[in-house]
Structures are given as structure tokens and as C-alpha cells.
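Note sheet for the following structure.
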Number of protein chains: 2
Amino acid sequence: MIHEEELYDLAELFKVFGDSTRIRILYTLMDNEMCVNDIAVSLNMTQSAISHQLRILKQNKLVKASRDGKSILYSLADDHVRTIIDQGREHLEE
Amino acid sequence: MIHEEELYDLAELFKVFGDSTRIRILYTLMDNEMCVNDIAVSLNMTQSAISHQLRILKQNKLVKASRDGKSILYSLADDHVRTIIDQGREHLEE
DNA sequence: TTAACAAATGAACATATATTCATATGAATA
DNA sequence: TATTCATATGAATATATGTTCATTTGTTAA
């Protein structure tokens with residue numbers, strides 16, 4: 001049984017996955033952790049745009065950050081990210 | 001390996017789940033199939049708003065429709081809907 | 001065949017949100 | 001400690017999208 005409030009939280013969570021920039025960031029981080037600027041270069045977007053989206057991903061506990069010298073390395077927070085993406089892919093494959 | 005285009009499709013799919021009205025509709029349909037008006041009453045929304053959202057859900061193959069007398073019954077298209085929602089819930093539970 | 005009714009549609013509006021641009025922040029290292 | 005550099009932030013703008021309202025569509029049942 002799901003409560004009304006939980007459904008809103010669920011929608012919020014999926015909304016985070018429902019943006020191409022964010023999901024490309026998540027995909028980029030699937031292989032290895034990366035710093036903000038490298039992600040920006042990799043996705044051919046500005047540092048600012050990536051930083052804004054990383055904040056949302058971090059708020060929703062989909063990525064985590066750790067400092068490495070001057071840079072901050074981002075990586076996937078846990079395996080749910082992969083699982084949720086995989087389920088989505090399975091749905092699309094039909 | 002995921003292609004760029006597939007990532008856009010994934011974002012589109014999750015965008016569908018990322019709206020509270022749509023996810024409430026999906027949740028409502030988890031128990032049993034329902035007609036448009038009953039969904040509207042159940043969620044305390046207009047028939048039009050529900051119909052608009054059902055169209056998006058149908059386009060993305062998350063629900064399917066079948067006629068029953070004057071009404072049209074909607075139901076979940078397949079088990080991926082449940083699985084994706086369940087994965088989202090698991091993430092939230094932490 | 002036609003009246004009635006449920007659902008679908010389209011335009012308009014309001015709101016949410018992604019990106020840009022300029023700038024601030026803050027930790028590292030010289 | 002001062003400077004440098006990567007990242008974060010805030011305001012502004014443009015765009016996307018959800019709901020409403022009025023109306024149309026299309027099927028059922030009389």
C-alpha cells in the first residue's frame with residue numbers, strides 16, 4: 001500500500017531521471033567517477049549547466065561527491081540508479 | 001553500451017513517470033482496470049485532465065485501453081510499470 | 001436512425017524548469 | 001598568506017508542460 005505522499009515523492013524521483021542532461025550525466029558516471037569540468041566537456045555543455053544539474057542529482061542522492069585535489073569527483077550514489085535505468089531500458093526494448 | 005539516442009528515449013520514459021498525476025493514475029490502475037471518469041472521480045480531477053494524461057501514458061505504452069459498453073477501461077500495459085515503480089520506492093526507502 | 005453519453009481534442013493560460021551569463025565561494029598549493 | 005582554479009550560485013530568459021474550458025468525436029443503446 002502506497003500513501004498519497006509517497007506517490008508525490010516517487011514522481012519527484014522519476015522527474016530527476018526524466019531529463020536528458022541528467023540521465024546523460026548518470027550514464028557518464030556509470031563507468032567511472034569524474035569531475036564537473038570533465039563531465040561538461042564530455043557532454044559538450046557548460047560547466048554551469050552541469051553543476052546546476054549535479055546539484056539536483058546530489059539532492060536526490062543519485063550521485064555523491066568527493067574532493068580530489070582541486071577537483072570534485074562525482075560518482076553514482078548506489079546501485080538503484082543502475083537498476084532503475086536498466087528497467088527503463090527493458091521497457092523500451094519491447 | 002547505450003547509444004546517445006537511447007538516453008533521450010530513456011529520459012522521455014522517465015519523464016512520463018515524473019508527474020504526480022500520471023503516477024497516481026498508474027497507481028490507481030494497479031489494483032484493477034478503470035474507466036476515465038472513475039479515475040477522474042477517484043483522483044478528484046477533471047475528466048479532461050485525466051484524458052490528456054492517459055493519452056501520454058498510452059503513447060508510451062504504459063497503459064492500454066479496451067472498450068466496455070459506453071466506457072473505455074484503462075489498465076496497466078505490462079509488468080514493467082510495477083517494476084519501475086517498485087525500484088523507485090526502494091530508492092526512497094533508504 | 002438518432003439521441004445520449006463517455007472520451008478525446010485544441011487553444012489558451014499558468015506554472016515549472018533548464019540553460020546562460022556573470023559572479024561568488026572556497027579549498028589547494030605556491 | 002595570497003593567489004589560483006574548480007565549482008557553486010543567483011538572476012534572467014526561454015522553453016516545456018499541466019490544467020482548464022469549450023467543443024468535437026464516436027460508439028452505444030433506445
Side-chain angles (χ1 to χ4, degrees), chain A residues 4 7-29 32-77, chain B residues 4 7-29 32-77:
Chain A
E4 190 76 357
L7 289 174
Y8 284 95
D9 293 341
L10 263 181
E12 285 305 308
L13 176 65
F14 286 122
K15 200 176 290 183
V16 179
F17 285 90
D19 173 80
S20 59
T21 296
R22 285 192 292 266
I23 211 157
R24 286 195 304 150
I25 291 175
L26 292 175
Y27 178 64
T28 301
L29 296 179
N32 41 19
E33 54 187 7
M34 287 178 82
C35 71
V36 181
N37 195 61
D38 285 356
I39 298 174
V41 169
S42 172
L43 300 186
N44 193 32
M45 294 183 65
T46 67
Q47 174 268 323
S48 180
I50 298 300
S51 182
H52 278 296
Q53 297 307 328
L54 280 171
R55 188 162 69 94
I56 294 173
L57 290 169
K58 192 163 51 177
Q59 281 172 344
N60 285 274
K61 301 205 168 93
L62 299 180
V63 303
K64 59 189 177 200
S66 68
R67 180 167 284 278
D68 174 46
K70 289 189 202 166
S71 304
I72 292 182
L73 294 178
Y74 279 88
S75 57
L76 299 190
Chain B
E4 190 75 358
L7 288 174
Y8 284 95
D9 293 341
L10 263 181
E12 284 305 307
L13 176 65
F14 287 123
K15 200 175 291 182
V16 179
F17 284 90
D19 173 79
S20 59
T21 296
R22 285 192 292 266
I23 211 157
R24 287 195 303 150
I25 291 175
L26 291 175
Y27 178 64
T28 300
L29 296 179
N32 42 19
E33 55 186 7
M34 287 179 80
C35 71
V36 180
N37 195 60
D38 284 357
I39 298 173
V41 169
S42 172
L43 300 186
N44 194 31
M45 293 183 65
T46 66
Q47 174 268 323
S48 179
I50 298 301
S51 182
H52 277 297
Q53 298 308 328
L54 280 171
R55 187 161 70 94
I56 295 173
L57 291 169
K58 193 163 51 178
Q59 280 172 343
N60 286 274
K61 301 204 169 99
L62 299 180
V63 303
K64 59 189 178 200
S66 68
R67 181 168 282 279
D68 174 46
K70 288 189 200 168
S71 304
I72 292 182
L73 295 179
Y74 279 88
S75 57
L76 298 189

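Letters go in sequence order (proteins before strands), and every chain restarts at 1.
- Between A:R67 and A:E12, the residue whose closest nucleotide on DNA chain C is further toward the 5' end is A:E12.
- Taking the side chain of A:T21 as heavy atoms from C-beta on, and the options C:dA8, C:dA6, C:dT19, the nearest nucleotide is C:dT19.
- Residue whose closest nucleotide on DNA chain D sits further toward the 5' end, between A:A49 and B:G69: A:A49.
- Across every non-hydrogen atom of B:S71 and B:C35, the tightest pair is CB-CB, 3.7 Å.
- Among the atoms of the strands shown, base atoms are found under 4.0 Å from some heavy atom of B:S51.
- Within the structure, a side-chain polar atom (N or O) of A:R22 is placed less than 4.0 Å from OP1 or OP2 of C:dA18.
- Checking the phosphate oxygens (OP1, OP2) of C:dA16, no side-chain nitrogen or oxygen of A:K15 falls inside 4.0 Å.
- For C:dA6, its base never sits under 3.5 Å from the side chain of B:Q47 at any donor and acceptor pair.
- Summarising the base pairing, C:dA30 is matched to D:dT1 through a Watson-Crick or G-U wobble pair whose two defining distances lie under 3.5 Å.
- Contact record, A:T28 with A:S42: CG2-OG, 4.1 Å, taken as the closest heavy-atom pair.
- At a cut-off of 3.5 angstrom, the base of D:dT9 holds at least one donor-acceptor pair with the side chain of A:S48.
- When every heavy atom of B:M34 is checked against every heavy atom of B:L29, the shortest pair comes out as N-CD2, 3.8 Å.
- Results of the side chain to side chain contact (heavy atoms under 4.5 Å, CB included) test with B:L57 over B:L26, B:L76, B:I23 single out B:L26 as the only residue that passes.
- Side-chain nitrogen and oxygen atoms of A:Y74 include none within less than 4.0 Å of the OP1 or OP2 phosphate oxygen of D:dA6.
- D:dT19 has no base stacking with the ring of B:H52 when judged by centroids under 5.5 angstrom apart and an interplanar angle below 30°.
- OP1 and OP2 of C:dC21 both lie 4.0 Å or more from every side-chain N or O belonging to A:T46.
- Listed candidates were D:dA8, D:dA6, D:dT9. Nearest to the side chain of A:V36 is D:dA8.
- Smallest separation of non-hydrogen atoms from A:V63 and A:L54: CG2-O, 4.1 Å.
- Considering only side-chain N and O atoms, A:Q53 lies under 4.0 angstrom from the phosphate OP1 or OP2 of C:dT19.
- Taking 4.0 angstrom as the limit, B:K70 places none of its side-chain polar atoms (N or O) nearer than this to OP1 or OP2 of D:dA29.
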